[in-house]
Amino acid sequence: MSATSGEKPIAFLDLPAQQKRLGPALKKRIDTVLEHCRFVLGPEVTELEERLAAWSGVGHCVGVSSGTDALQIVMMAENIGPGDAVFLPAFTYTATAEVPLVLGATPVFVDVDPQTFQIDPASLRARIAAVKAAGKLTPRAIVGVDLFGQPAPWEELRAIAAEERLFLLDDCAQAFGGVYRGRPLGGEAVATTLSFFPSKPLGGYGDGGAILTDDAERAELYRSLRTHGEGKTRYEVLRTGMNGRLDTLQAAVLLAKLDGFREELARREAIACAYDAGLAGVAQVPVRVPESASAWAIYSILLKDEAQRAATQARMRDAGVPSAIYYPLPLHHQPAYRDHHDGVALPVSEALSKRILALPIHPELTDAEVARVISAVRG
Ligand SMILES: *Cc1c(COP(=O)(O)O)cnc(C)c1O
């Protein structure tokens, strides 16, 4: 057992090693900001916005304070509020569901695909039909989440959104750097939201986020909303907004990280392939969405049941190998959300929560550490 035999525990996220790898380029970027002191909406924010828009092949990028605020700004721009239904997967991070509620709207939870864990179009159609039949809420928007770094089923989501006249939003917090049908993620929906939380594939050293869109009018609205609803001048207030700007220091960190981001993505992919090969037959390894490349925010395996997962996690812990559970409860069972749920069973999300287990996949992992993870899972 490595924890007792002197082998160094493996980190789930290794920010000290990452800093060492980035080296002087990171310090130089930060020092530049300390010199010019334009800490709010400084030149690094504009530079980052331009580079992210170019990366994704979309017209506009608006840097904001977090992935959660990105979702909120996009929904505020659509006037989503009381009486509105926002359809989103039950198997995702809490922020996706939190934002509609903060705005007074109702999240309507949709089940996910048992293979890819992405939102299930058949369940989405059923949930929309149920809301329409009940007649209490107005269907307004669909949030597709690119879960764990892989794309949601965008063709089907776009078709359903068009048929039902719903606004389509991509919560891409976990998947910037991913590719779908030859295109970088970022242009699949009317608006795409990113998060730069430190553990995301493109992570900063604090909170941060961005909104991508091809729609110039919406981009301008997002810029206004992130700065208190301001108009052409700072003291013209056109609408109720928020303080939701991306910090200049975070933009500087992200610019330094962006230079080596392609190599990081390649390293994550190599680790994923090594896990696939080493764990096939012991657990269900991630099923790839066809014609896509994952950003590998999270690499999750499926164990047989809750007991096998607990045993695997304990064995890994003893070997100094970390693991995590995304997500231990589907959102419709969370105390904060269950009273907003209509009680419908979402069996895939419920079953996944009991069997899923995430392995470390950050780019600083060495081949020897990857081998240790595999042998700890295999037991
Ligand atoms: C991380 C995350 C968010 C929220 O991003 P923050 O920057 O932490 O606010 C939203 N949605 C999903 C799916 C996430 O994983």
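All ligand and atom numbering here is 1-based and tracks the order in the structure.
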Check: At what distance is the nearest protein heavy atom to atom 11 (N) of ligand 1, and which residue and atom is it?
Finding: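 Result for atom 11 (N) of ligand 1: D171 OD2, 2.7 Å.
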
Notebook entry, point to check: Among protein heavy atoms, which sits nearest to atom 15 (O) of ligand 1, and what does the distance come to when rounded to 0.1 Å?
Noted result: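 Checking every protein heavy atom, the shortest distance to atom 15 (O) of ligand 1 gives K200 NZ, 2.6 Å.
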
Next item on the list: Determine, step by step, whether S294 and Y299 satisfy the side-chain hydrogen bond (donor to acceptor under 3.5 Å, both in side chains) criterion, reporting the C-alpha distance in whole Å, the side-chain angles of both residues, the deciding distance to 0.1 Å, and the verdict.
Entry: CA-CA 10 Å; S294 180; Y299 181 101; over 6 Å; no

Check: Among G204, A95, G208, S195, which one has a heavy atom closest to atom 8 (O) of ligand 1?
Finding: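 Ranked by closest heavy atom to atom 8 (O) of ligand 1, first place is S195.
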
Notebook entry, point to check: atom 12 (C) of ligand 1: which of G209, A173, P198 has the nearest heavy atom?
Noted result: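 Going through G209, A173, P198 one by one, A173 has the nearest heavy atom to atom 12 (C) of ligand 1.
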
Next item on the list: Mind checking whether T68 contacts ligand 1 via backbone (N, CA, C, O), side chain (CB onward), both or neither, at a 4.0 Å heavy-atom cut-off?
Entry: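 It is both backbone and side chain that touch ligand 1.
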
Checklist line | F176 and T192: CA distance, side-chain angles, deciding distance, side chain to side chain contact (heavy atoms under 4.5 Å, CB included) verdict | finding: CA-CA 10 Å; F176 183 73; T192 296; over 6 Å; no

Next item on the list: May I have the step-by-step check of side-chain hydrogen bond (donor to acceptor under 3.5 Å, both in side chains) for E350 and H332, ending in yes or no?
Entry: CA-CA 9 Å; E350 289 155 23; H332 63 295; 2.7 Å; yes

Next item on the list: Check the surroundings of atom CD in E163: do more than 12 heavy atoms from other residues, nucleotides or ligands lie under 6.0 Å from it?
Entry: yes

Check: Crowded around Y93 OH? As in, over 12 foreign heavy atoms under 6.0 Å?
Finding: no

Looking at [X], which atoms of ligand 1 are within less than 4.0 Å of one of its heavy atoms?
X: S66; value: 7 (O), 9 (O)
X: T92; value: 13 (C)
X: G67; value: 5 (O), 6 (P), 7 (O), 9 (O)

Checklist line | Close N or O approach (Q174, ligand 1; < 3.5 Å) | finding: yes

Check: Has ligand 1 got any nitrogen or oxygen that is less than 3.5 angstrom from a nitrogen or oxygen of Y93?
Finding: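 No, since none of the N or O atoms of Y93 sits under 3.5 Å from an N or O of ligand 1.
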
Next item on the list: Return the set of residues passing side chain to side chain contact (heavy atoms under 4.5 Å, CB included) with K132 (not counting sequence neighbours), or none when no residue passes.
Entry: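 Partners of K132 by the side chain to side chain contact (heavy atoms under 4.5 Å, CB included) criterion, ordered by chain and then number, come out as I128, P139, E164.
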
Note to self: Within the structure, is a non-hydrogen atom of T96 found at a distance of less than 4.0 Å from ligand 1?
What the structure shows: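 Checking ligand 1 against T96, which is what was asked, there is a heavy-atom contact under 4.0 Å.
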
Checklist line | M75 to V99 - nearest heavy-atom pair and separation | finding: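 The answer is SD-CG1, 3.9 Å.
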
Checklist line | Geometric class of the F91/Y327 ring pair [parallel <30°, tilted 30-60°, perpendicular >60°] | finding: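 Perpendicular.
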
